[in-house]
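Nothing fancy with the numbering, it's 1 onward along the sequence. Values below: all heavy atoms of this structure, side chains included; hydrogens, waters and symmetry mates excluded.
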Amino acid sequence: MLRATLSGKAEVLFRNVLLLGIVSLLQDVSSEMIQAVLPLFLVSIGAGGIIVGLIGGLGDMLNSLGNLVSGIYSDLLGRKKPLTFLGYAASAVAKALLVVASAWQHVMVYRILDRAGKGIRTAPRDALLSASVSSKRTGWGFGLHRTMDTAGAVLGATLALLVVWFFKMPYNHVFLIAASFAFVALTPFLGITERPAQVKVERASLQLRALPFGLKAFIAIATLFTLSNFSYMFFILRVAEVYGSEFLPLILYMTFNISYALFAFPFGIVSDKLGRAPVLFLGYLMFGLTCLGFSIAEGVLWFFILFIMYGLSYALFDGNQRAMISDLSSSDVRGTAFGVFHAFASIAALLSSLIAGWLWEVFGMYATFLYGTVLSMTSAALLLALRTKLKHG
């Protein structure tokens, strides 16, 4: 009887991981259809490098606040699913509004609402996902989720390529198709189950100073790295600047997502076996080398190689940063831990994109990519220096 009960619980938890993966897959089909063409759409309506940087990062201010508030509130509420659903629903509405966009200000409204939705959902979703896997399979769980999420990105970029390049659809038609996928992505929530927390969380425990030192140290390192990790739109613009077509940037963006999707799950499993720090160190280092390559590359073959490396770096660090946060935090404050992590990352992402856009406008693209190289390499060095402090909590 006990074995049957445990087996049934494991089945429910695995179903949660799978259904959350399906939600992310469909949501990313939607998001990446938009992301793949958004830089090109902004250029077509006259937006420059600073505007691209502003739009690439401004919504992250609300993302930051949403992550922190929703992470803390989900711990106080003892439930993660309602806020996760609300965040995905807000992003779906934002994508529907983008259908009628005709100026960069409209894109900014979309970006703010979409990032607010992401801010609401991300911390409680990651906490819900963490609660659905054992501590020995955290990398496996987040790796599988990142793989499904990025598989959606591959499908979304592929669809964007088909409708823009082959079927010559206008951008607002692309946005309409993307919005449809975002609303369909809400349906798997019907099958996700969650038990309310059995332990009441006190507000006093949900403070930054009460979090373990190792967790705070890692959040600081990850935040510094995020300052180097400016918007993907600058990588797309680098290719468009050289070749000036829609086709090649979309193909290369698909290459990035395919590389990311293929390796996120295996690297999650590797981090379960070898530890998070070595895998994250390699990811930070790979990103720095990628930025350095973008500052000097010219030929198409080199751009293909660099977009593969770009995807590999994300496969190494994206899911495993989340797994590290799960490792270093206790279950009763995990929503808060993810909220703080994503909040700092969102602020850093805003600053990173604004700095990158300013450097691009004033000093040229070389300065933008060298900036990314220096900060990511510094983050890798700090991770290596503090690795003994980053013990599992």
Side-chain angles (χ1 to χ4, degrees), residues 31-60 98 101 103-108 110-111 114-115 153 156-157 160-161 164-165 171 174-175 226-257 259-260 287-311 313-314 349-373 375-376:
S31 294
E32 296 304 323
M33 283 190 72
I34 293 172
Q35 300 294 75
V37 302
L38 194 59
L40 306 174
F41 175 65
L42 286 169
V43 169
S44 74
I45 57 177
I50 291 178
I51 295 300
V52 169
L54 183 64
I55 292 174
L58 184 60
D60 290 319
L98 189 59
W104 67 262
Q105 291 90 344
H106 302 155
V107 178
M108 186 176 292
Y110 146 76
R111 179 74 176 178
D114 180 61
R115 294 297 91 181
L161 179 66
V164 172
W165 183 259
Y171 290 120
V174 179
F175 300 150
T226 306
L227 277 172
S228 75
N229 187 11
F230 41 77
S231 172
Y232 79 99
M233 289 192 281
F234 291 100
F235 295 91
I236 297 293
L237 287 177
R238 172 74 175 102
V239 179
E241 184 179 75
V242 177
Y243 294 98
S245 69
E246 293 175 334
F247 182 75
L248 184 61
L250 289 176
I251 288 292
L252 290 171
Y253 188 62
M254 288 170 56
T255 302
F256 155 73
N257 281 306
S259 175
Y260 181 10
F287 182 81
L289 292 173
T290 301
C291 287
L292 183 62
F294 267 95
S295 70
I296 58 178
E298 293 294 341
V300 173
L301 177 60
W302 277 112
F303 281 124
F304 268 103
I305 293 171
L306 288 169
F307 271 93
I308 291 170
M309 290 175 61
Y310 188 27
S313 68
Y314 263 79
L350 167 64
L351 294 174
S352 176
S353 291
L354 289 175
I355 292 169
W358 178 77
L359 289 171
W360 189 294
E361 288 280 319
V362 177
F363 299 105
M365 65 87 187
Y366 299 100
T368 296
F369 290 113
L370 289 176
Y371 160 79
T373 298
L375 275 192
S376 57

What residues form a side-chain hydrogen bond (donor to acceptor under 3.5 Å, both in side chains) with Y314, not counting sequence neighbours? N229

By side-chain hydrogen bond (donor to acceptor under 3.5 Å, both in side chains), which residues pair with D114, not counting sequence neighbours? S91, K95

Could you list the residues that satisfy side-chain contact (heavy atoms from CB on, under 4.5 Å) with I305, not counting sequence neighbours? L301, W302, M309

Checking S376 now: which residues fulfil side-chain contact (heavy atoms from CB on, under 4.5 Å) with it, not counting sequence neighbours? F225, S228, F287

By side-chain contact (heavy atoms from CB on, under 4.5 Å) - contacts of L370 (at least two apart): L292, S295

Tell me, please, which residues at least two apart from Y260 pass side-chain hydrogen bond (donor to acceptor under 3.5 Å, both in side chains). D318

Applying ring-ring contact (aromatic ring centres under 6.0 Å, His included), name anything that partners Y232, two or more places apart in sequence or on another chain. Y253

Hey, is the main chain of F256 close enough, under 3.5 Å, to the side chain of S259 for a donor-acceptor pair? no

Go through the structure and list residues passing side-chain contact (heavy atoms from CB on, under 4.5 Å) with A160, not counting sequence neighbours. A36, V37

So among F294, W360, F303, which one has a ring pair (Phe, Tyr, Trp, His ring centres under 6.0 Å) with F235? F294

List the residues meeting side-chain hydrogen bond (donor to acceptor under 3.5 Å, both in side chains) with T226, not counting sequence neighbours, and say none if there are none. none

Quick one: list whatever passes ring-ring contact (aromatic ring centres under 6.0 Å, His included) with Y366, sequence neighbours left out. none

Only counting residues at least two apart or in another chain, list the ones meeting ring-ring contact (aromatic ring centres under 6.0 Å, His included) with F175. F41

Between F230 and F369, does the ring centroid distance fall short of 6.0 Å? yes

L306 to A297 - nearest heavy-atom pair and separation: CD1-CB, 3.5 Å

Tell me the salt bridge (charged side-chain N to carboxylate O under 4.0 Å, His left out) pairs involving residues 349-358, sequence neighbours left out? none

